[in-house]
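None of these values were measured; they are calculated from a predicted model.
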Amino acid sequence: MALRHDQGIVLRSFPFGEADRVVVLLSPNHGKVRAVAKGVRKTKSRFGGRLEPFTHVDLVLYEGRNLDTITQAEVIEAFPRLRSDLDKMLAAGAMVELLDAVSQEGEAAHRAFLLLQRALKTLEDGPTHPDLITAFLLKSADLLGLAPALDVCAGCGTSEGLHRFAFAAGGALCDRCRTPGAVALRQGLTGYLAALAASPVDALPESDPVMAGDALGVTRRFLEYHLDRKLAAAVPAP
């Protein structure tokens with residue numbers, strides 16, 4: 001048993017006993033971390049609001065056999081403007097829900113942590129880009145080794161005639177490789193998705209209102225298929 005320093009972004013928390021909460025965080029060094037915050041549900045808790053979802057915190061933890069205990073928490077970034085906007089809160093909620101579902105305990109998660117940190121900072125600093133969630137989902141898929149084929153056919157590798165998208169096949173398909181159940185794509189959608197996947201979340205290309213809904217729909221359904229779970233209700237259905 002020992003004290004250790006860590007940092008993380010709070011994903012969620014839930015009651016534990018009469019006055020405590022278990023806080024679930026994403027740490028760059030330790031992946032998903034579950035730790036007890038003693039007395040946090042009391043009015044005079046020393047933690048105050050420092051362990052609310054989306055907060056980036058610096059921590060001192062006492063390592064326990066089953067659960068660590070948070071002995072100190074200092075806010076690095078609270079994202080106050082994000083919290084005052086319902087649409088931003090819903091977007092942030094969808095992001096943390098996904099990473100909570102796919103992150104592993106005890107495994108370093110530097111890229112996932114930096115992706116979430118940058119996405120939350122983007123929400124905090126300006127208007128919500130219509131394609132931000134789509135880009136976040138695509139980048140999360142890449143972190144998981146599930147990135148869909150967008151520039152070339154998932155079947156034969158050609159870059160021509162990518163008019164279909166098959167979730168089981170791993171992405172876009174040309175007319176020759178189309179499979180039963182492959183969905184028809186709007187002309188240019190694969191290129192639109194590829195541009196989002198390649199761009200930083202804080203420097204996304206200009207959104208196309210015609211493409212944005214289809215892009216989110218295809219990306220969401222692709223991830224739901226491969227993760228075998230529904231994503232947040234806050235993410236619009238196609």
Side-chain angles (χ1 to χ4, degrees), residues 1-126 128 132-133 136-137 139-140 143-144 200-202 232 234:
M1 308 296 182
L3 289 174
R4 67 176 171 88
H5 281 83
D6 203 351
Q7 64 169 299
I9 294 173
V10 179
L11 303 177
R12 60 185 171 92
S13 66
F14 54 89
F16 186 72
E18 293 185 1
D20 307 336
R21 295 190 75 84
V22 171
V23 182
V24 183
L25 308 103
L26 183 66
S27 159
N29 303 310
H30 299 92
K32 186 156 65 174
V33 173
R34 303 174 193 267
V36 178
K38 298 284 189 181
V40 75
R41 294 159 62 196
K42 294 180 180 178
T43 304
K44 296 183 179 180
S45 167
R46 68 184 186 280
F47 293 117
R50 284 172 279 179
L51 295 172
E52 293 298 311
F54 318 135
T55 308
H56 182 190
V57 288
D58 184 76
L59 301 168
V60 177
L61 303 113
Y62 179 77
E63 296 181 336
R65 189 165 296 155
N66 298 313
L67 284 172
D68 295 343
T69 299
I70 299 171
T71 62
Q72 184 177 323
E74 299 296 334
V75 173
I76 297 174
E77 179 63 75
F79 304 110
R81 290 187 293 276
L82 182 161
R83 298 172 187 280
S84 65
D85 185 302
L86 179 59
D87 289 338
K88 292 178 183 289
M89 287 280 285
L90 292 174
M95 294 172 186
V96 300
E97 186 206 38
L98 173 61
L99 292 186
D100 184 19
V102 302
S103 299
Q104 301 297 313
E105 296 183 35
E107 295 184 6
H110 295 282
R111 291 177 63 199
F113 176 85
L114 290 174
L115 173 62
L116 179 59
Q117 182 187 39
R118 180 173 287 184
L120 293 176
K121 184 68 173 171
T122 300
L123 285 171
E124 173 75 4
D125 289 345
T128 304
L132 177 60
I133 293 178
F136 186 89
L137 296 181
K139 294 176 187 304
S140 297
L143 293 177
L144 296 168
V201 292
D202 56 356

Practice task
Return yes if some donor-acceptor pair links the side-chain N/O of Ser27 with the main-chain N/O of Asn29 below 3.5 Å, else return no.
Solution key: yes
Residues which pass side chain to side chain donor-acceptor pair (under 3.5 Å) with [X], listed by chain and number, not counting sequence neighbours:
X	answer
Ser103	none
Lys32	Asp100
Asp68	Arg4

Exercise for the section: Under the salt bridge (Lys or Arg N to Asp or Glu O under 4.0 Å) rule, collect the residues that match up with Arg111, sequence neighbours excluded. Expected result: Asp142
Problem - Contacts of type salt bridge (Lys or Arg N to Asp or Glu O under 4.0 Å), residue Arg81, not counting sequence neighbours - result: Glu124, Asp125
Handout entry: Side-chain heavy atoms of Leu132 within contact of Met95, under 4.5 Å
Key = yes
Exercise for the section: Would you sort out whether Val96 and Phe54 count as a side chain to side chain contact (heavy atoms under 4.5 Å, CB included), showing the intermediate values? Expected result: CA-CA 8 Å; Val96 300; Phe54 318 135; 3.8 Å; yes
Distance-minimising heavy-atom pair for [X] and [Y]:
X	Y	answer
Gly31	Ala109	CA-CB, 3.9 Å
Tyr62	Thr71	CB-CG2, 4.0 Å
Ala37	Leu51	CB-CD1, 3.7 Å
Asp20	Lys38	OD1-CA, 3.4 Å
Leu99	Ser140	CD2-OG, 4.1 Å
Val201	Arg118	CG2-CG, 3.4 Å

Handout entry: Qualifying salt bridge (charged side-chain N to carboxylate O under 4.0 Å, His left out) pairs with a residue from residues 83-93, counting only residues at least two apart or across chains
Key = none
Problem - Ile70 vs Val57, side chain to side chain contact (heavy atoms under 4.5 Å, CB included): CA-CA, chis, key distance, verdict - result: CA-CA 11 Å; Ile70 299 171; Val57 288; over 6 Å; no
